[in-house]
Amino acid sequence: MPRPVRGISFLAAYNPCPMILDCAGKPLDLARPAVMGILNVTPDSFSDGGRYLAHEEAFGHACQMVAEGAAIIDIGGESTRPGATPVPMEEELARVIPLVQRLRGELPAMISVDTSKPEVMRAAVAAGAGLINDVYALRADGALEAAAELAVPVCLMHMQGEPRTMQREPSYADVVREVLDFLAERIACCEDAGIPRNRLLVDPGFGFGKTLAHNLSLLKHLDAFHALGVPLVVGVSRKSMIGAVLDAPVEGRLFGSVAAAVVAAWQGAAIVRAHEVKPTVEALRMTAAAREAV
Ligand code: 7PM
């Protein structure tokens, strides 16, 4: 048996990633890969029935994802798709906050909010969100300070450029090295701002300022990101990298998305974002079982 180091087992001392993430007092178990169900509340993601229907539809979708095994529901009110224009803050708040309140009261899952705006972070955490997912990695004005005030974990994602223009000419000399360096620097900034490392997660940001070759290199070498000592989050579901490999439209990317999720989980990804929760949960349970075998 490994010898305990100051009361911690040798393995726990060696692997600094927390197995249980403290989300403002609520535990999130990351000992096995967790599925984060994607809940888009952007206007284009719902039928044109106005605010009330959009809320009902989103709530129903969240319930279904939790029933299918999602441990986290990621609510995004600002479209971060390539070419998207920013959403005004009042609009983002009106879309996201009532849902956070309702989901927190009625569902057992952790609630994550996909936002870059400090005001939305504060309101979401006050409404019961347990996680902040920021595709700008807290680079927006005031975001670092807001996250430092709030006692919730933050996912720092890599993006080259900005959503409107990032897919024009992505360029790297060594994509894995550069994404790693960026995330290491963001972790250092967070620690300087008073956010401890055990409240951070990182994500290489598939599709955010990357060509197909860049995305595939990052997926192949995902295990290099364990050097950062924080849990890894991965979002590949339905992305254009799957479409490019399979020559498939968005509706035809499920099996490719699940395969990419397995490749990530096999290399130790802690959280996988997914649109189709049930197939992803089953594939990751199988992956974890094989990973844990002697
Ligand atoms: C349209 C195109 C709508 C792309 C939404 C998207 C990630 C994320 C997104 C990710 C983390 C999507 C993206 N992608 N957050 N938010 N990691 N942490 O496919 O890869 O959901 S938005």
Side-chain angles (χ1 to χ4, degrees), residues 21 28 30 33-46 58 61 65 70 72-87 92 95-96 110-117 120-121 124 129 131-140 143 147 152-167 170 179 182-183 186 200-210 214-215 218-219 222 225 228 230-244 249-251 253-254 256-258 260-261 263-264 269-277 280:
L21 195 62
L28 177 65
L30 297 181
V35 171
M36 173 187 263
I38 301 170
L39 189 63
N40 281 320
V41 291
T42 47
D44 43 298
S45 52
F46 289 97
H61 185 202
M65 291 195 290
I72 309 160
I73 298 295
D74 189 42
I75 307 179
E78 177 183 41
S79 187
T80 40
R81 81 177 56 210
T85 44
V87 174
E92 196 180 337
R95 286 177 195 169
V96 168
M110 191 63 68
I111 298 157
S112 154
V113 170
D114 191 338
T115 191
S116 302
K117 298 188 179 76
V120 179
M121 292 173 188
L131 206 72
I132 293 167
N133 176 27
D134 183 6
V135 300
Y136 277 96
L138 303 180
R139 286 175 295 161
V152 301
V154 182
C155 175
L156 304 168
M157 197 195 77
H158 173 272
M159 164 163 52
Q160 184 180 82
E162 52 179 285
R164 210 168 45 80
T165 53
M166 65 190 176
Q167 289 307 108
V179 172
F182 169 89
L183 292 171
R186 293 314 298 158
L200 296 172
L201 305 98
V202 295
D203 184 329
F206 289 97
F208 286 82
K210 282 133 192 139
H214 297 142
N215 288 317
L218 287 167
L219 184 58
L222 194 72
F225 289 83
L228 296 169
V230 303
L232 308 183
V233 180
V234 164
V236 285
S237 182
R238 296 184 184 166
K239 284 192 177 169
S240 67
M241 61 185 286
I242 317 274
V250 171
E251 329 70 84
R253 297 178 187 172
L254 171 59
S257 298
V258 170
V263 172
I271 297 177
V272 174
R273 291 179 87 250
H275 295 89
E276 281 118 333
V277 171
T280 312

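One-based numbering, in listed order, for ligands and for the atoms of each.
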Those atoms of ligand 1 less than 4.0 Å from some heavy atom in [X]:
| X | result |
| --- | --- |
| Phe208 | 7 (C), 9 (C), 14 (N), 22 (S) |
| Gly235 | 20 (O) |
| Val135 | 8 (C), 15 (N), 16 (N) |

task: Would you confirm whether Lys210, through its side chain, and Met241, through its main-chain N or O, come within 3.5 Å as a donor-acceptor pair?
output: no
- prompt: Does Phe206 offer a backbone N or O that forms a donor-acceptor pair with the side chain of Asn215 under 3.5 Å?
  reply: no
Min N/O separation Asn40 to ligand 1 under 3.5 Å: no
field: Lys239-ligand 1 polar pair, N/O distance under 3.5 Å
entry: yes
- request: Could you check which of Val233, Asp114, Leu156 puts a non-hydrogen atom nearest to atom 16 (N) of ligand 1?
  value: Asp114
- prompt: Which is closest to atom 21 (O) of ligand 1 in terms of heavy atoms, His275, Arg273, Met36?
  reply: Arg273
- prompt: Got a sec, which residues hit side-chain hydrogen bond (donor to acceptor under 3.5 Å, both in side chains) with Ser237, two or more places apart in sequence or on another chain?
  reply: His275
statement: Sorted by chain and number, sequence neighbours left out, side-chain hydrogen bond (donor to acceptor under 3.5 Å, both in side chains) with Lys117 holds for Glu78, Glu92
Structural part of Val234 in contact with ligand 1, heavy atom criterion under 4.0 angstrom: neither
message: So that I can tick it off, tell me whether Arg273 and Asp114 are bridged by a salt bridge, with the cut-off set at under 4.0 angstrom between side-chain N and carboxylate O.
response: yes
statement: Closest heavy-atom pair, Gln167 versus Pro170, reported as atoms and distance to 0.1 Å, is O-CD, 3.8 Å
